[in-house]
Amino acid sequence: MTEEENKTKRYRRTNVDIQADIIKAAESLIKKKGFASMLVTELIKKARIEPLVFYNRYDNLSEFYDEFVKRYDYWFKDVLTEIEFPTDSELGYINILKNLQKELQEKSVMLELLRWEIAEGNETTVRTAMLREMHTLPLANIYEAKFKDIDISAISALIIGGIYYLNLHRDRSNFAEIDLNTELGQKRIERALKNLGHMIFHYQDLTDYKHTVAEKMKENGISDEIIKKCLN
């Protein structure tokens, strides 16, 4: 066997290696150009594969994207097992928000996915957005069961939407004089998320306390009208 044949044999890639190279090439191209601008021909070239190798795996680029985004979308990954504290605890809730911010503060595939979803309405962007919604419903249900007196889903939607927008907007200008491209700006947002989580959970504590006090006052014969005035 010649030296050249030895090299070919030595560097022959397995199917796992080839798939890893396709994923790595896509990640690099998407971070550089975005989802909408990436071409199959560019992906094939960067992954160093023949077109047939790609099309043996996927019918088209949309099918590839359907599988690809599951690796990089924050909500498609196993968020519940990665947080340090119980999900329905104050620290667990804060960690979910802080980790989302960390995921987006660098130039990431998920950030480009969000940008694409906002810019274009097509089968792939609609599908990934809907899948994300379905995937997060169990998490939303956990908090809905915990919070009875506030609309925690609506509050969380506003917070998460704010995180999305601030990161998508950061290369255009500061927002409320906060520059998310700086460490100081990132720390301010992180502190704000911690404060918001604290306020949300302690609002529930206050509500539970009011209910307890109201029951005690009723037991002592105090009228509902007086109780309402005292606790509002």
Side-chain angles (χ1 to χ4, degrees), residues 16 18-47 49 51 53-83 87 93 95-144 152-172 180 189 193:
V16 173
I18 291 170
Q19 187 65 20
D21 285 341
I22 294 172
I23 297 299
K24 185 178 178 181
E27 180 182 354
S28 175
L29 287 168
I30 287 167
K31 285 182 179 180
K32 183 179 179 181
K33 305 182 65 174
F35 278 85
S37 298
M38 189 178 82
L39 303 175
V40 175
T41 50
E42 293 176 315
L43 178 57
I44 288 170
K45 182 179 179 181
K46 193 166 185 65
I49 59 174
V53 173
F54 179 84
Y55 288 110
N56 277 339
R57 288 169 166 76
Y58 308 100
D59 288 338
N60 49 47
L61 192 58
S62 293
E63 186 177 305
F64 170 73
Y65 280 158
D66 283 346
E67 292 300 317
F68 178 76
V69 296
K70 293 175 184 176
R71 296 170 175 265
Y72 294 94
D73 191 303
Y74 177 71
W75 302 108
F76 288 163
K77 293 184 290 185
D78 202 347
V79 175
L80 301 187
T81 60
E82 290 181 359
I83 62 171
T87 306
Y93 182 81
N95 268 8
I96 289 173
L97 299 177
K98 285 169 63 176
N99 288 345
L100 174 62
Q101 168 58 27
K102 288 177 182 176
E103 179 90 5
L104 297 178
Q105 70 187 23
E106 302 296 336
K107 189 169 180 61
S108 66
V109 171
M110 184 178 175
L111 190 64
E112 292 307 315
L113 177 60
L114 292 172
R115 199 187 313 279
W116 189 34
E117 287 177 3
I118 292 170
E120 290 187 35
N122 56 51
E123 287 186 9
T124 304
T125 57
V126 170
R127 188 163 52 248
T128 55
M130 291 179 66
L131 284 171
R132 187 183 304 114
E133 173 71 8
M134 292 172 59
H135 202 75
T136 54
L137 281 177
L139 183 60
N141 290 338
I142 290 174
Y143 291 107
E144 289 283 1
I152 187 63
S153 289
I155 292 170
S156 299
L158 287 170
I159 296 171
I160 292 167
I163 294 171
Y164 289 168
Y165 181 77
L166 287 174
N167 283 281
L168 289 166
H169 181 272
R170 69 184 185 221
D171 290 330
R172 297 294 174 263
L180 263 185
I189 294 301
L193 292 174

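In this text, all values refer to a predicted model and were calculated from it rather than measured experimentally. Just so you know, these numbers use all the heavy atoms, side chains as well, and skip hydrogens, waters and symmetry mates.
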Table please: side-chain donor-acceptor pairs of residues 30-40 below 3.5 Å, with sequence neighbours left out.
from: Lys31; atom 1: NZ; to: Glu27; atom 2: OE2; distance (Å): 3.1
from: Lys33; atom 1: NZ; to: Glu42; atom 2: OE1; distance (Å): 3.1
from: Lys33; atom 1: NZ; to: Glu42; atom 2: OE2; distance (Å): 2.5

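Rounding to the nearest 0.5 angstrom, the gap separating the CE atom in Met110 from the CG atom in Asn167 is 10.0 Å. Tyr74 OH to Lys102 NZ: the interatomic distance, rounded to the nearest 0.5 Å, is 9.5 Å. Atom NZ of Lys98 and atom CD1 of Ile163 lie 11.5 Å apart (nearest 0.5 Å). Put simply, OH on Tyr164 and CG on Leu111 are 10.5 Å apart, with the number rounded to the nearest 0.5 Å. One distance of note links CG of Leu61 with CZ of Phe54; it measures 5.5 Å at 0.5 Å rounding.
Phe68 is not listed as a side-chain neighbour of Tyr58, based on a closest heavy-atom distance of 4.5 Å or more. Side-chain contact between Ile96 and Leu139 is present, with heavy atoms from C-beta onward closer than 4.5 Å. For the pair Leu100 and Trp75, the minimum side-chain heavy-atom distance is below 4.5 Å. The closest side-chain heavy-atom distance from Ile142 to Tyr93 is not below 4.5 Å. Residues Ile49 and Ile22 meet the side-chain proximity criterion, which asks for heavy atoms closer than 4.5 Å. The closest side-chain heavy-atom distance from Tyr65 to Asn60 is not below 4.5 Å. For the pair Gln101/Leu180, a side-chain contact is recorded, criterion being any heavy-atom separation below 4.5 Å from C-beta on.
In terms of heavy-atom proximity, Ala25 sits nearest to Leu43 at CB-CD1, 3.8 Å. Smallest separation of non-hydrogen atoms from Thr136 and Glu133: OG1-O, 3.1 Å. The shortest non-hydrogen separation linking Glu144 to Ile152 is N-CG2, 3.9 Å.
Judged purely by atom type and a 3.5 angstrom limit, Ser62 has no side-chain atom pairing as donor or acceptor with the backbone of Thr124. Side chain of Asn99 to main chain of Asn95: a donor-acceptor pair is present (N/O by atom type, distance under 3.5 Å, no hydrogens or angles). In this structure a side-chain-to-backbone donor-acceptor pair under 3.5 Å is missing from Ser156 to Ser153. Proximity of a side-chain donor or acceptor of Arg57 to a complementary backbone N or O of Val53 within less than 3.5 Å is detected.
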Val109 and Glu112: side chain to side chain contact (heavy atoms under 4.5 Å, CB included), yes or no, with the steps?
CA-CA 5 Å; Val109 171; Glu112 292 307 315; 5.7 Å; no

Side chain to side chain contact (heavy atoms under 4.5 Å, CB included) between Leu131 and Val69, intermediate numbers included:
CA-CA 10 Å; Leu131 284 171; Val69 296; over 6 Å; no

Evaluation steps, side chain to side chain contact (heavy atoms under 4.5 Å, CB included), between Leu113 and Arg132:
CA-CA 12 Å; Leu113 177 60; Arg132 187 183 304 114; 3.5 Å; yes

Kindly determine whether Leu168 and Ile118 satisfy side chain to side chain contact (heavy atoms under 4.5 Å, CB included), including the steps that lead there.
CA-CA 10 Å; Leu168 289 166; Ile118 292 170; 3.4 Å; yes

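No more than 12 heavy atoms of other residues, nucleotides or ligands shown are found within 6.0 angstrom of CZ on Arg71. Counting non-hydrogen atoms of neighbouring residues, nucleotides and ligands closer than 6.0 angstrom, the NZ atom of Lys107 exceeds 12 such neighbours.
Applying the side chain to side chain donor-acceptor pair (under 3.5 Å) rule to Lys70 yields no partners; only residues at least two apart in sequence or on another chain are considered.
Using modelled atom types and a 3.5 Å distance limit, the side chains of Glu117 and Thr128 yield a donor-acceptor pair.
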